[in-house]
Novice: 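Have a look at this one.
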Amino acid sequence: MCKQSPLGEFLRARRRLTTPCEAGLPCVDRRRRTQGLRRDEVAMSAGVSLDYYTRLEQGKQRTPSDQVIDALARVFRLDAAATAHLHELARPRAWTPKSTHRPVAPDVVQLIEHLTHAPAFVVNHRLDVLVRNRLSASLWEGYEHIDNLLRFTFLNPRSREFFLKWEEEAAFKVAHLRAMTMVVQDPSVRDLIEELSDNSEDFRRLWARHDAGVTSHEPKRLCHRKVGDLDLWRQKFRIENAPGYLLFVAQAKLGSPSERALADMAAHS
């Protein structure tokens, strides 16, 4: 038996999650036994033979053209981030050893410390929190597993109270981790995935979807135990010369109750 490839795993997962209606095929009734699309439906919609597509899923064909990958992305209704991930699976880059655990540069630390009215923190590819400013520390004070955003989300039951849109937030983090496995090579990522898989059914469910790099444009809705509900807009920025490192900054709309709540927290932090 041919060893399963990451590309094949992704295609199989997305096929099972895509309905005929979503792929532009005739909608079917509830008696249909196949979960998602059949292989022949994917092949027909993508304009390739059934044998060729089957070989892709089985890991026997590992060099599809860009045209084939783009066609499959259209069948599965992938967004830009997921399409880029699919291309990366089809054309994996040669890994260049790089340090993935370097300290955060002093100028970045100084930058986030100067953000006194916006929670800000730096994470690495595993979503380990490497450094926070005062307001971010105040926002997360008293919670367990805040050293890693994935551990907090999946291993701390209070995260479901903290994130008012928990499912969306959890999916965002899992998709980020999936994308980072293609960017940074680090054995500790596998250890984190195993830890979360062993202890969280929700993580196993979301990881099996093979979502990658999903971007949320909706405000992050939090429920802070002291100041109540917060609607914060989150932005992330890549840090130069630090592969996988991201700076997250959250802010509230001017004049909103959330802005006043953050100002109050900043005054007491």
Novice: Is the count of non-hydrogen atoms from other residues, nucleotides or ligands lying under 6.0 Å from E201 atom CD greater than 12?
Specialist: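 No, CD of E201 has 12 or fewer neighbouring heavy atoms, counting only those of other groups under 6.0 Å.
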Novice: Would you indicate whether the side-chain heavy atoms of E9 and E57 approach each other to under 4.5 Å?
Specialist: no
Novice: Could you state the interatomic distance from CG (L177) to NE2 (H125), rounded to the nearest 0.5 Å?
Specialist: 9.0 Å
Novice: Could you check if a side-chain atom of V129 sits within less than 4.5 angstrom of a side-chain atom of D147, using non-hydrogen atoms only?
Specialist: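 SC-SC contact between V129 and D147 ruled out.
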Novice: I'd like to check W207 versus L196 (side-chain heavy atoms, cut-off strictly below 4.5 Å). Are they in contact?
Specialist: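 No, their side chains stay 4.5 Å or more apart.
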Novice: Run D211 and R14 through salt bridge (charged side-chain N to carboxylate O under 4.0 Å, His left out) and show every step you take.
Specialist: CA-CA 9 Å; D211 291 331; R14 301 318 300 182; 2.5 Å; yes
Novice: Show the nearest heavy-atom pair for residues S65 and R91, with the distance to one decimal.
Specialist: CA-NH2, 3.6 Å
Novice: Test side chain to side chain contact (heavy atoms under 4.5 Å, CB included) on H210 and H85 and set out the steps.
Specialist: CA-CA 10 Å; H210 284 253; H85 180 67; 5.8 Å; no
Novice: Testing the basics here: between A46 and A71, what is the closest heavy-atom pair and its distance to 0.1 Å?
Specialist: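 Of all heavy-atom pairs spanning A46 and A71, the closest is O-CB, 3.6 Å.
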Novice: Check the pair L139, F121 against side chain to side chain contact (heavy atoms under 4.5 Å, CB included), reporting the backbone distance first and the verdict last.
Specialist: CA-CA 11 Å; L139 186 64; F121 55 89; over 6 Å; no
Novice: Rounded to the nearest 0.5 Å, what's the gap from OG1 on T153 to NE2 on H145? Could you check?
Specialist: 11.0 Å
Novice: Report yes or no: is the cationic atom of R225 (NZ for Lys, CZ for Arg) under 6.0 Å from the centre of the six-membered ring of Y143, at an angle within 45° of the ring normal?
Specialist: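 Yes - R225 lies over the ring of Y143, closer than 6.0 Å to its centre and within 45° of its axis.
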Novice: Stepwise, does the side chain to side chain contact (heavy atoms under 4.5 Å, CB included) test hold for I193 with F203?
Specialist: CA-CA 9 Å; I193 294 170; F203 178 82; 4.1 Å; yes
Novice: Would you compute the distance between atom CG of D40 and atom OG of S45 and round it to the nearest 0.5 angstrom?
Specialist: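 OG of S45 is found 9.0 Å from CG of D40.
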Novice: If hydrophobic clusters are built from ILVMFWY residues whose side chains come within less than 4.5 Å, do L50 and V48 share one?
Specialist: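 Per the 4.5 Å side-chain linkage, L50 and V48 are not co-clustered.
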Novice: Taking all atoms of both residues into account, what is the closest heavy-atom pair of S5 and L56, and its distance?
Specialist: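 Closest approach of S5 to L56, heavy atoms only: OG-O, 4.4 Å.
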Novice: To the nearest 0.5 Å, what is the distance between OG on S138 and CG on L262?
Specialist: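 Those atoms lie 9.5 Å apart.
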Novice: For R39, does the CZ atom have more than 12 heavy-atom neighbours from other residues, nucleotides or ligands under 6.0 Å away?
Specialist: yes
Novice: Looking at CG of L149 and OG of S159, how far apart are the two atoms once the value is rounded to the nearest 0.5 Å?
Specialist: 11.0 Å
Novice: For R205, is there an ion pair with E167 - N to carboxylate O distance below 4.0 angstrom?
Specialist: yes
Novice: Taking the side chain as C-beta and beyond, is there a heavy-atom pair between P64 and L7 under 4.5 Å?
Specialist: yes
Novice: Membership question, hydrophobic clusters at under 4.5 Å side-chain separation (ILVMFWY): are L164 and M265 in the same one?
Specialist: no
Novice: Flag yes if more than 12 heavy atoms outside E144 fall under 6.0 Å of its CD atom; otherwise flag no.
Specialist: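 It does not: E144 CD has 12 such atoms or fewer within range.
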Novice: Which atom names give the shortest non-hydrogen contact between L115 and V249, and what distance separates them?
Specialist: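 Looks like CD1-CG2, 4.1 Å.
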Novice: With sequence neighbours excluded, what pairs up with D107 under the side chain to side chain contact (heavy atoms under 4.5 Å, CB included) test?
Specialist: A105
Novice: Can you find a side-chain donor-acceptor pair between H87 and D70 that sits under 3.5 Å?
Specialist: yes
Novice: Determine whether a donor-acceptor pair (N or O, by modelled atom type, separation under 3.5 Å) exists between the side chain of N133 and the backbone of A120.
Specialist: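 At least one qualifying donor-acceptor pair exists.
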Novice: Going by salt bridge (charged side-chain N to carboxylate O under 4.0 Å, His left out), name the pairs with one or both residues in residues 154-166, residues two or more places apart or in two chains.
Specialist: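 Every salt bridge (charged side-chain N to carboxylate O under 4.0 Å, His left out) pair that includes a residue of residues 154-166, provided the two are not neighbours, is R160-D202.
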Novice: Filter on salt bridge (charged side-chain N to carboxylate O under 4.0 Å, His left out), then keep only pairs touching residues 246-269, sequence neighbours left out; what's left?
Specialist: none
Novice: Is there side-chain contact between L150 and L155, with at least one heavy-atom pair below 4.5 Å?
Specialist: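 They are not in side-chain contact.
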Novice: Would you say F10 and L78 make side-chain contact, with heavy atoms under 4.5 Å?
Specialist: yes
Novice: Which heavy atom in A13 sits nearest to a heavy atom in A208, and how many Å separate them?
Specialist: CB-O, 3.4 Å
Novice: Do the side chain of N199 and the main chain of E195 share a donor and acceptor less than 3.5 angstrom apart?
Specialist: yes
Novice: Hey, any chance L25 and L11 share a hydrophobic cluster, counting ILVMFWY side chains that come within less than 4.5 Å of each other, even indirectly?
Specialist: yes
Novice: So, the side chain of R126 versus the backbone of S188: is there a donor-acceptor pair under 3.5 Å, distance only?
Specialist: yes
Novice: Over 60° means perpendicular and under 30° means parallel, so classify the ring planes of F162 and W140, tilted if in between.
Specialist: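 The rings of W140 and F162 sit tilted, inter-plane angle from 30° to 60°.
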Novice: Measuring only between side-chain heavy atoms, which start at C-beta, is F76 closer than 4.5 Å to L17?
Specialist: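 No; the side chains remain at least 4.5 Å from each other.
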Novice: Between CG of N148 and CG of N156, what distance do you get to the nearest 0.5 Å?
Specialist: 12.0 Å
Novice: With side chain to side chain contact (heavy atoms under 4.5 Å, CB included) as the criterion, how do Y245 and L130 come out once you've worked through the C-alpha distance, each side chain's angles and the decisive distance to 0.1 Å?
Specialist: CA-CA 9 Å; Y245 281 27; L130 306 178; 3.5 Å; yes
Novice: Under 3.5 Å, side chain of S258 to main-chain N/O of L232, donor-acceptor pair present?
Specialist: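 Not a single qualifying donor-acceptor pair exists.
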Novice: Report whether Y52 and L37 are members of the same hydrophobic cluster (ILVMFWY, side-chain heavy atoms less than 4.5 Å apart, transitive linking).
Specialist: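 Yes, Y52 connects to L37 through the hydrophobic network.
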Novice: Does some side-chain heavy atom of L246 sit less than 4.5 Å from a side-chain heavy atom of R238?
Specialist: yes
Novice: Taking the six-membered ring of F172 as reference, does the NZ or CZ atom of R234 fall below 6.0 Å from its centre and within a 45° cone about the axis?
Specialist: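 Ring-cation test returns yes.
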Novice: Looking at every heavy atom in both A82 and D79, which two are closest together, and how far apart are they?
Specialist: N-OD1, 2.8 Å
